[in-house]
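I have placed the structure first, in the form of structure tokens, so that the comments after it can refer back to it.
Because the structure is a prediction, the values reported are computed rather than measured.
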2 protein chains.
Amino acid sequence: MDSAFTVFLVDDDAGVLKAVGRLLRARGYDVRSFTSPQAFLVSHDALIRGCAILDVSMPDLDGLALQQALSAGGSQRSVIFLTGKDDIPTSVRAMRAGAIDFLTKPVNDTDLLAAIGRAEKEDAEHRSANASLGSIQARLAMLTPREREVMTHVVAGRLNKQIAGDLGTVEKTVKVHRGRVMSKLGVRSVADLVRLAEKAGIDGSRP
Amino acid sequence: MDSAFTVFLVDDDAGVLKAVGRLLRARGYDVRSFTSPQAFLVSHDALIRGCAILDVSMPDLDGLALQQALSAGGSQRSVIFLTGKDDIPTSVRAMRAGAIDFLTKPVNDTDLLAAIGRAEKEDAEHRSANASLGSIQARLAMLTPREREVMTHVVAGRLNKQIAGDLGTVEKTVKVHRGRVMSKLGVRSVADLVRLAEKAGIDGSRP
DNA sequence: CGCGCTGTTGGCCCTAGGGCCAACTCGACA
DNA sequence: TGTCGAGTTGGCCCTAGGGCCAACAGCGCG
């Protein structure tokens, strides 16, 4: 079914893929295995709910680099690392780059499942944050340039007549744009407009 | 002088304290050394600009526990760990708990100084965020209970007459409170008020 | 008991916001 | 060339916000 959480397993050791894959499938996860980081990267679909479990040392593209590549590609895929040999600096870099966990092989089932549990939670948070941001940006995209311009002034707390002065027009025109902004964005108070703008990263706090 | 950045060195090995202390003092840092975590904790002053460099394994209270104790005490002191023996799970927990870095002994001077550099940056960010939050809360504390109540409704985007209905009073009274809120908080537009409330964690986005 | 703070309310008046209808200009597009 | 969307503007009118002055009630404190 579609509601399963997918685990993308990337490891050049087929034995690991098999063993971990079996464990996770038994737990109800949808598992997709890759023996090469490139294969994973090119076929990767950020829309699928899930997390990635990456081997640290792989030929060509190591786990860390793969993590960078993912985030550079705009994906917020949650990542769990597996490593064969102890290496503190690497674990520090991975965690600093936002990894969920950094586990050593042979991996303890409990630890791995706990990490995946955290990944599920993080993934859900990312998705809900993105959904809300996406809906805001979609509505913002419906505004004409002039309307957006008026909006930033309104969010900055300026009066219609001041906005009119700044934009080289008259108060009446500003009122019209302002009304259209409120209606297009589906908000009914300036307070809501300010919060919406805040989430979209529109900084109105200019003195 | 007072503008120096202080490094709190905590390690039960006096040799480490001496060696690292010398290095850092030569770089212009104000160094305070502690051979016991307790001694550091009881004399700790969160107001001092600086960071802590903690040994991971210490008697009674290990580095991780000390980090927890610091944050449980409300301090946001930036922490850098030093460890004698490799231990990935520990480094992962430390990083997840917000450590700046997790370095292995013997520590490389460059790495240590780089970590302290990041700590300086993080400390400055914490302080400016706290200062801004503190000033907001100080102003918020000047409001009477009724004024705060009116404020939450205003931030929620409600009209004066609706607020009056909710509070069982008349519109005129709400206007007065509202005016006093704006003046006490030093804001001149609802937009600014909303942003201020947002920073203070007052959630006005109730449908 | 009188003072001060908080909360309340009324009156008066002015400014700001905003809905509705109509009209006009311009550039793009079929 | 005619239509359409975006941007403009005017008039009319009503609601919302808010300043200023005055007044009154309840409460805690010296």
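Note on B/T144: every side-chain N or O is 4.0 Å or more away from OP1 and OP2 of C/dT6.
Side-chain proximity of B/V170 to the nucleotides D/dT9, C/dG17, C/dG10 is greatest for C/dG10. With C/dT8, D/dG17, D/dG7 as the choices, the nucleotide that has an atom nearest any side-chain atom of B/N160 turns out to be D/dG17. When distances are taken from the side chain of A/R180 to each of C/dG7, C/dG17, D/dG7, the shortest belongs to D/dG7.
Salt bridge absent: B/R195 and B/E198 never bring a charged side-chain N and a carboxylate O closer than 4.0 Å. Salt bridge annotation for B/R180-B/E147: present, with a cationic side-chain nitrogen under 4.0 angstrom from a carboxylate oxygen. Between B/R96 and A/D101 there is a salt bridge, with a side-chain nitrogen of the basic residue lying less than 4.0 Å from a carboxylate oxygen of the acidic one. A salt bridge links B/D166 and B/R158; the closest N-O separation between the charged side-chain nitrogens and carboxylate oxygens is under 4.0 Å.
Following rounding to the nearest Å, A/R178 (CZ) and D/dT8 (P) show an atom-to-atom distance of 16 Å. Rounded to an integer number of Å, the gap from CD of B/E171 to C1' of D/dT15 is 9 Å. Between A/Q162 atom CD and C/dG17 atom C1' there is a gap of 14 Å when expressed in whole angstrom units. B/R158 has its CZ atom 12 Å from the P atom of D/dG17, to the nearest Å. For the pair B/M142 CE and C/dC5 C1', the computed distance is 14 Å after rounding to whole Å. Rounded to whole angstrom, the span from the CE atom of A/M182 across to the P atom of D/dT15 amounts to 19 Å. A/L193 places its CG atom 13 Å from the P atom of C/dG17, with the value rounded to the nearest Å. In this entry the distance linking NE2 of A/H177 with P of D/dG7 reads 6 Å, nearest Å.
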Produce the list of close N/O pairs, under 3.5 Å, pairing protein atoms with atoms of nucleotides 19-21 of chain D; give distances to one decimal.
residue, atom, partner, partner atom, Å
D/dG19, O6, B/K172, NZ, 3.4
D/dC20, N4, B/K172, NZ, 2.7

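Summarising the geometry of A/P37 relative to A/L66, their closest heavy-atom pair is CB-CD2, 3.7 Å, with the distance given to 0.1 Å.
Not one N or O on the side chain of B/R32 forms a donor-acceptor pair closer than 3.5 Å with the backbone of B/T6. In this structure, the side chain of B/Q137 does not engage the main chain of B/G134 through any donor-acceptor pair within 3.5 Å.
For the pair B/R188 and A/G168, nearest-nucleotide mapping onto DNA chain D gives the more 5' position to A/G168.
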